[in-house]
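Inspection log for the structure reproduced underneath, given as C-alpha cells.
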Protein chains: 2
Amino acid sequence: MQNKALDGYISYALATAHRSVDTSIKARLKKHGVQLEAWRIMECLDTENHLTMGALAKAVLINPPTLSKLVDRMVSDGLVHRLIAESDHRQINLMLTDLGRHRMLQIRKDVEDQDEVLIGKLDGREQSVLIDLLFKLSN
Amino acid sequence: MQNKALDGYISYALATAHRSVDTSIKARLKKHGVQLEAWRIMECLDTENHLTMGALAKAVLINPPTLSKLVDRMVSDGLVHRLIAESDHRQINLMLTDLGRHRMLQIRKDVEDQDEVLIGKLDGREQSVLIDLLFKLSN
DNA sequence: TGAAATTATTTTCCAAGTCAACTAAAATTA
DNA sequence: TAATTTTAGTTGACTTGGAAAATAATTTCA
C-alpha cells in the first residue's frame with residue numbers, strides 16, 4: 001500500500017495516523033469557518049476560566065506567537081475577548097463570548113461525530129490501550 | 001497536568017503525541033538544515049526508484065503543491081533532480097543525487113536515535129500494539 | 001530601593017502551506 | 001481521428017506558522 005522505507009519508524013506511524021485523523025476532522029470543520037485549534041481554545045476556556053495565553057498555548061499544542069495571531073482573528077470574529085489579568089498585568093485572560101460558546105457547541109458535535117467514526121475502528125479495549133500508549137509518548 | 005476539556009478525544013491524544021514526537025525530531029534535524037519531510041522523500045527514493053510526485057506526496061504525507069515547492073528547494077540544494085518519466089510525459093521521476101544519499105544517511109542516524117528514545121518509553125509488546133492501532137486509524 | 005534578570009505576550013520578518021486556477025500530456029469516446 | 005474529459009504536476013495569490021527580537025510587567029537581590 002505504501003513505500004516500505006519509512007514503515008518501522010514509530011514517528012512515521014504516528015504521523016500517518018495523525019495526518020489521516022486531522023484531515024478528516026478539518027474537512028468537517030471547514031463549513032464552520034473555524035480552525036480546529038480555535039475550537040480547542042474555546043473548549044478549554046469553557047471548562048477552565050481565566051486561562052492565560054501561555055497555558056492555552058500548551059493545552060492546544062501551538063506556539064505562543066501562533067496563538068497570539070489566532071486569538072487576534074478570534075477576537076475580530078467575536079468569539080473571545082482579551083482581558084488583562086488582575087494579579088499580573090503581563091498576563092492575558094481570554095474570555096469566551098456568548099457567540100463563541102454557541103459556535104463551540106455546534107462545532108463540538110462535528111468533532112464528536114468524527115471521533116465516533118475513529119473510535120469505531122477500534123474496540124473498547126483497544127481504545128483505552130491506545131490512549132494510554134499515546135500518553136506515554138507525549139513528553 | 002493539562003486542561004480536562006479535551007482529554008477523551010482520540011484526535012487530541014493523537015495530536016498531543018504527534019506534536020511531542022515531531023518537535024523532538026525536528027529539533028534534531030535542525031542542524032542538518034533539512035526538513036523532516038525532505039528526509040522522508042530521500043528515504044523513499046532510495047528504496048524505490050522511479051517514484052512519481054503523486055506517489056511521493058502520499059508517502060510523505062504532504063499535499064502535491066507543498067511537495068512541488070519542497071522539491072524545488074531540494075533541487076537547488078542539489079539533493080535530488082527531476083526527470084520526466086519515459087512512459088508518461090506528465091509524470092516526474094525524482095532521482096536522488098550522490099549528495100542526497102550522503103545527507104540522507106547522516107540524517108537517518110539522528111532520526112533513528114530519536115526513534116530509539118521514543119521506543120524506550122514502551123516495551124516490546126507495547127510497541128507492536130501501538131503500531132498496529134495507529135495503522136487501524138490511518139484511513 | 002533600584003539596577004539586573006526573568007517572565008508573559010506580542011511584533012516583525014521571512015519561510016512554508018493552502019486553495020484554486022493553469023498547463024500540458026494522456027485517455028476516452030463519439 | 002478530432003473533440004472532450006481526465007490526470008499529473010506546477011504556479012500564483014493569499015494565509016498561516018516560526019524564530020528571534022521587542023515590549024512591558026514582575027521578581028530578584030545587592
Side-chain angles (χ1 to χ4, degrees), chain A residues 15 18-19 22-41 44-45 50-77 80-95, chain B residues 15 18-20 22-41 44-45 50-77 79-95:
Chain A
H18 177 255
R19 157 108 173 158
D22 219 51
T23 301
S24 52
I25 293 193
K26 282 176 177 167
R28 283 204 189 227
L29 292 202
K30 207 167 178 182
K31 64 171 175 292
H32 297 285
V34 172
Q35 260 172 280
L36 174 56
E37 290 76 12
W39 168 73
R40 287 185 177 144
I41 289 171
C44 288
L45 293 177
H50 300 300
L51 273 174
T52 64
M53 296 294 276
L56 258 177
K58 275 177 201 155
V60 305
L61 315 171
I62 61 184
N63 298 325
T66 303
L67 178 61
S68 253
K69 289 163 197 169
L70 176 51
V71 167
D72 286 347
R73 280 172 253 144
M74 293 175 75
V75 168
S76 56
D77 290 345
V80 298
H81 58 89
R82 286 182 168 93
L83 210 62
I84 294 176
E86 279 300 318
S87 53
D88 184 336
H89 286 199
R90 289 170 304 182
Q91 298 187 134
I92 297 290
N93 290 142
L94 281 190
M95 306 291 292
Chain B
H18 177 255
R19 158 109 172 156
S20 163
D22 218 52
T23 301
S24 53
I25 294 193
K26 282 175 177 167
R28 283 205 188 226
L29 293 202
K30 207 168 176 180
K31 63 170 175 294
H32 297 285
V34 172
Q35 260 173 279
L36 174 56
E37 289 77 11
W39 168 72
R40 287 186 178 144
I41 288 171
C44 288
L45 293 177
H50 301 301
L51 273 174
T52 64
M53 296 293 276
L56 259 178
K58 275 178 202 156
V60 305
L61 314 171
I62 62 184
N63 298 325
T66 305
L67 178 62
S68 252
K69 288 164 191 170
L70 175 50
V71 167
D72 286 347
R73 280 173 253 141
M74 293 175 74
V75 168
S76 55
D77 290 345
L79 302 175
V80 297
H81 58 89
R82 286 182 168 93
L83 210 62
I84 293 175
E86 277 302 317
S87 53
D88 183 337
H89 287 200
R90 289 169 305 180
Q91 297 187 135
I92 297 289
N93 290 142
L94 281 189
M95 306 291 291

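Below, chain A is the first sequence line, B the second, and so on; all start at residue 1.
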Using distance alone, with no hydrogens and no angle criterion, decide if B/R40 and B/Q35 have a side-chain donor and acceptor under 3.5 Å apart. no

With five pairs defining each end axis, the helix from C/dT1-D/dA30 to C/dA30-D/dT1 comes out bent, to 10°, by 10°

Residues at least two apart in sequence or cross-chain that pass side-chain hydrogen bond (donor to acceptor under 3.5 Å, both in side chains) with A/H32, listed by chain then number, are A/D110

A/M53 atom CE is separated from C/dT11 atom C1', nearest whole Å, by 13 Å

Ordered by number, residues from residues 84-95 of chain B within less than 4.0 Å of DNA chain D (heavy atoms) are B/R90, B/Q91, B/I92

*Side chains of B/L51 and B/I41 in contact at under 4.5 Å (non-hydrogen atoms)*: no

Sorted by chain and residue number, the side-chain contact (heavy atoms from CB on, under 4.5 Å) partners of A/T23 (sequence neighbours excluded) come out as A/R19

**OP:** Would you mind checking if B/K26 and B/D22 are paired as a salt bridge, meaning a charged N to carboxylate O distance below 4.0 Å?
**Re:** yes

Hits for side-chain contact (heavy atoms from CB on, under 4.5 Å) against B/S24, two or more places apart or cross-chain, chain-then-number order -> B/Q114

With a 4.5 Å heavy-atom cut-off, do A/V75 and A/V80 have their side chains touching? yes

Sorted by chain and residue number, the side-chain contact (heavy atoms from CB on, under 4.5 Å) partners of B/K30 (sequence neighbours excluded) come out as none

Salt bridge (charged side-chain N to carboxylate O under 4.0 Å, His left out) filter on A/K69, not counting sequence neighbours, yields none

Residue pairs passing the salt bridge (charged side-chain N to carboxylate O under 4.0 Å, His left out) test with at least one member in residues 81-94 of chain A, sequence neighbours excluded, are A/D72-A/R82, A/D88-A/R90

Taken in chain and number order and not counting sequence neighbours, the residues that satisfy side-chain hydrogen bond (donor to acceptor under 3.5 Å, both in side chains) with A/Q91 are none

Residues at least two apart in sequence or cross-chain that pass side-chain contact (heavy atoms from CB on, under 4.5 Å) with B/A27, listed by chain then number, are none

Reading nucleotides 15-23 of chain C from 5' to 3' and marking B where a protein heavy atom lies under 4.0 Å of the base, S where only the sugar-phosphate is that close, and - otherwise, the string is -SSBBB---

Contact span of DNA chain D against chain A, any nucleotide atom under 4.0 Å from a heavy atom, 5' to 3', runs D/dT16 to D/dT26

